2 protein chains.
Amino acid sequence: MDSGAVILDLNQLRRSCASCSLHELCLPAGIYGDDLKQLDTAIRDKRALERGSSLYRDGDAFKALYVVRSGSLKTFVQNEAGDLQILAFHLPGEILGFDALASNRHVSQAEALEHSGICELPYDRLMQVSNDVPALHRQLMRVISREMVAEHRHLVMMGRQPAQERLAIFLQNLADRYSRLNRSDTSLTLSMSRHDIANYLGLAVETVSRLFTRMQETGVLEVNRKSVRILRPDLLAELCNTQHPAHLKRHDHD
Amino acid sequence: MDSGAVILDLNQLRRSCASCSLHELCLPAGIYGDDLKQLDTAIRDKRALERGSSLYRDGDAFKALYVVRSGSLKTFVQNEAGDLQILAFHLPGEILGFDALASNRHVSQAEALEHSGICELPYDRLMQVSNDVPALHRQLMRVISREMVAEHRHLVMMGRQPAQERLAIFLQNLADRYSRLNRSDTSLTLSMSRHDIANYLGLAVETVSRLFTRMQETGVLEVNRKSVRILRPDLLAELCNTQHPAHLKRHDHD
DNA sequence: GCATCCAATTGACCGAAATCAACTGCTGCC
DNA sequence: GGCAGCAGTTGATTTCGGTCAATTGGATGC
């Protein structure tokens, strides 16, 4: 209400990249000194996003890339027939919006899974800065490439893995990313619904629910609604790689 | 054998971007005049690739991006457990190798499906040129983004679509790309095996075979080994979008 | 505090596609 | 020319995960 609150909010949001705790995980990785200061000028802060509200939608004009500063989001596409596919869940430090580079329109939607803070990187500013800072361009490409590689993993999972492995891989991947954020990698708080998990994994909600139960019964997890504790990381790792049918494996290559 | 043959071969391969028939579909799209000449200096020609031989493999150091000039390739990943997933089939004008930008190593393999010609774009030269030609950077990002969007479509297919739709979508997509190359979009010559198609679609070979038979029986296709004629494009389009279960559709978004 | 609503779980049943198996027919090689 | 070997097809059977249905239980609101 009063201007004090506004200033406080701005202080919280307006922080330079150099002092941001996500520094090493975010776009600035590998960019230093004056270059980093210049990058700072390209970053516009963005108000917080409430759970369920959208950062961008399918068809929106491309204006900026976005970095998750806090909270989490999901991105998804919908085809003409209306089927919805979740592409990814995004944790702090991760960059969204690359889908729009091709056509200057977003072809997916990004929605907050919880109260989240976002840094906005207006694309034209970013391009201006990267004229002076060649490293920025390379870093941007690296980040996109990283995202492509992650998508490849998703694709392998969807094409080849049975249900239990999918969930195991999903949980392990989340745990890995949590630990990179210096959070516990054995005690996860899932910000997405079972429905979202199921959709992301290409499974039915019921299957995901049953798998959670089964993994709890076998002592791998302790599940309590959104909170998942990994009791046996070793067993979870095993579940990620059980043997499956031969025809899916490498054929004659090599 | 004689030097005449060598010169002919070089003539065929060493052609500037400006005169290349793939011009408008390839990296040079949107780059003109002197900029295009400069881009030309970054392009090293590459010998032809025989069917079954690899352009790069998992673990290879990243040196260059590659453009398919003629023929076709498949790219695939293999996880630790050995399951292989084909990521894409690449037709003339398409660019490969972006997966290596993230880590400076390829994390996938590219293999020729038939005798193919390749343009090599050494990455350091490309970066040098793009310092002078800002449009090149943007174009590169656009191309990567386009690839990401294509991967999203693949992901929707894998996660949500039943078998017949997958094959229909695959064929229609191929037909579209053929027509952009000014080839017939009703008469396809599949350079990949049934095995490859099945793997790409996340299905068993037998399922793919049965689907081809069924689509022939219903008069949609005329199939003869590698050659597929689309008799009823309208029916094929319908098959791409039949109705499926409600839980996969959009939930409350909007 | 209680009613409503929706997320999540659990159970029973079903079906699409995988697996297993047999066979056909190219293709290439001696 | 004939045979080996593999790609592809076809059929029978199984199975994993989806669908349908009922129930639980945590939140939210009055």
Side-chain angles (χ1 to χ4, degrees), chain A residues 50-52 74 83 113-114 157-168 170 189-217 221-228 239 242-253, chain B residues 50-52 74 83 86 113-114 157-168 170 189-217 221-228 239 242-249 251-253:
Chain A
E50 282 317 312
R51 172 188 158 85
K74 63 178 172 186
D83 347 59
L113 292 167
E114 59 191 311
M157 208 177 62
M158 297 291 248
R160 311 258 76 85
Q161 250 94 40
Q164 180 166 244
E165 256 163 88
R166 297 193 196 189
L167 186 57
F170 168 71
T189 304
L190 306 177
S191 57
M192 67 296 286
S193 69
R194 295 286 192 272
H195 195 109
D196 284 342
I197 297 173
N199 181 293
Y200 175 75
L201 298 177
L203 301 171
V205 207
E206 294 92 329
T207 304
V208 171
S209 185
R210 278 186 254 273
L211 287 172
F212 270 123
T213 308
R214 172 146 39 121
M215 287 169 124
Q216 181 155 40
E217 279 164 5
L221 304 178
E222 185 185 287
V223 185
N224 195 297
R225 214 152 171 70
K226 313 238 116 187
S227 117
V228 172
L239 289 181
T242 43
Q243 251 30 263
H244 15 82
H247 86 277
L248 302 171
K249 306 264 172 162
R250 49 191 357 203
H251 19 251
D252 52 329
H253 301 295
Chain B
E50 282 317 313
R51 172 188 158 85
K74 63 178 171 186
D83 344 63
I86 294 179
L113 291 167
E114 60 192 309
M157 210 176 62
M158 297 289 248
R160 312 256 74 87
Q161 250 94 40
Q164 180 166 244
E165 256 164 88
R166 298 193 195 189
L167 185 58
F170 168 71
T189 304
L190 305 176
S191 57
M192 67 295 286
S193 69
R194 296 286 192 271
H195 195 110
D196 284 343
I197 297 173
N199 180 292
Y200 175 75
L201 298 177
L203 301 171
V205 207
E206 294 92 328
T207 305
V208 170
S209 184
R210 279 185 252 274
L211 287 172
F212 270 122
T213 308
R214 172 144 40 120
M215 286 169 124
Q216 181 155 42
E217 278 165 6
L221 303 177
E222 186 184 287
V223 185
N224 196 297
R225 215 156 169 69
K226 312 238 116 189
S227 117
V228 172
L239 290 181
T242 43
Q243 251 31 262
H244 13 83
H247 85 276
L248 302 172
K249 305 265 172 162
H251 17 252
D252 52 328
H253 303 295

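Reminder, nothing fancy here: chain letters follow the sequence lines and each chain counts from 1. Everything quoted here is computed from the prediction, not taken from an experiment.
Distance check: B:Leu167 CG to B:Met157 CE gives 9.5 Å after rounding to the nearest 0.5 Å. In this structure, CZ on B:Arg225 lies 10.5 Å from OG on B:Ser193, to the nearest 0.5 angstrom.
Distance CZ (A:Arg166) to C1' (D:dG18): 12 Å, rounded to an integer number of Å. The distance from atom CD of B:Gln164 to atom P of C:dA18 is 14 Å, rounded to the nearest whole Å. Rounded to an integer number of Å, the gap from B:Arg160 CZ to D:dG18 C1' is 12 Å. Atoms CE (B:Met192) and C1' (D:dA7) sit 15 Å apart, rounded to a whole Å. Remark: C1' of C:dT9 and CE of A:Met215 are 17 Å apart, rounded to the nearest angstrom. If you measure from atom CG of B:Leu167 to atom C1' of C:dA16, you get 16 Å, rounded to the nearest angstrom. When rounded to the nearest whole Å, the span between CG of A:Asn199 and P of C:dA7 equals 14 Å. Spacing between atom NE2 of A:His195 and atom C1' of D:dG18 amounts to 14 Å, rounded to whole angstrom units.
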Would you check, one step at a time, whether the test side chain to side chain contact (heavy atoms under 4.5 Å, CB included) holds for B:Met192 with B:Ile86?
CA-CA 11 Å; B:Met192 67 295 286; B:Ile86 294 179; over 6 Å; no
Should A:Arg214 and A:Gln164 be marked as a side chain to side chain contact (heavy atoms under 4.5 Å, CB included) after you check the CA-CA gap, both sets of side-chain angles, and the distance that decides it?
CA-CA 9 Å; A:Arg214 172 146 39 121; A:Gln164 180 166 244; 3.5 Å; yes
Given A:His195 and A:Val208, is the side chain to side chain contact (heavy atoms under 4.5 Å, CB included) satisfied, shown in steps?
CA-CA 9 Å; A:His195 195 109; A:Val208 171; over 6 Å; no
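Rounded to 10 degrees, the angle between the two end axes of the helix from C:dG1-D:dC30 to C:dC30-D:dG1 is 40°, with five pairs used at each end.
Side chain of B:Arg166 to backbone of B:Leu201: a donor-acceptor contact under 3.5 angstrom is found. Not one N or O on the side chain of A:Arg194 forms a donor-acceptor pair closer than 3.5 Å with the backbone of A:Glu206.
Judged as a side chain to side chain donor-acceptor pair (under 3.5 Å), and not counting sequence neighbours, A:Gln216 has no contacts.
For the pair A:Asp196 and A:Leu113, the minimum side-chain heavy-atom distance is below 4.5 Å.
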For nucleotides 9-15 of chain D, which of its nitrogen or oxygen atoms have a protein nitrogen or oxygen under 3.5 Å away, and what is each distance?
unit_1, atom_1, unit_2, atom_2, d
D:dT9, OP1, B:Arg194, NH2, 3.2
D:dT9, OP2, B:Arg194, NE, 3.0
D:dT9, OP2, B:Ser209, OG, 2.9
D:dT9, O5', B:Ser209, OG, 2.9
D:dT10, OP2, B:Thr213, OG1, 2.5
D:dG11, N7, B:Arg210, NH1, 2.8
D:dG11, O6, B:Arg210, NH2, 3.3

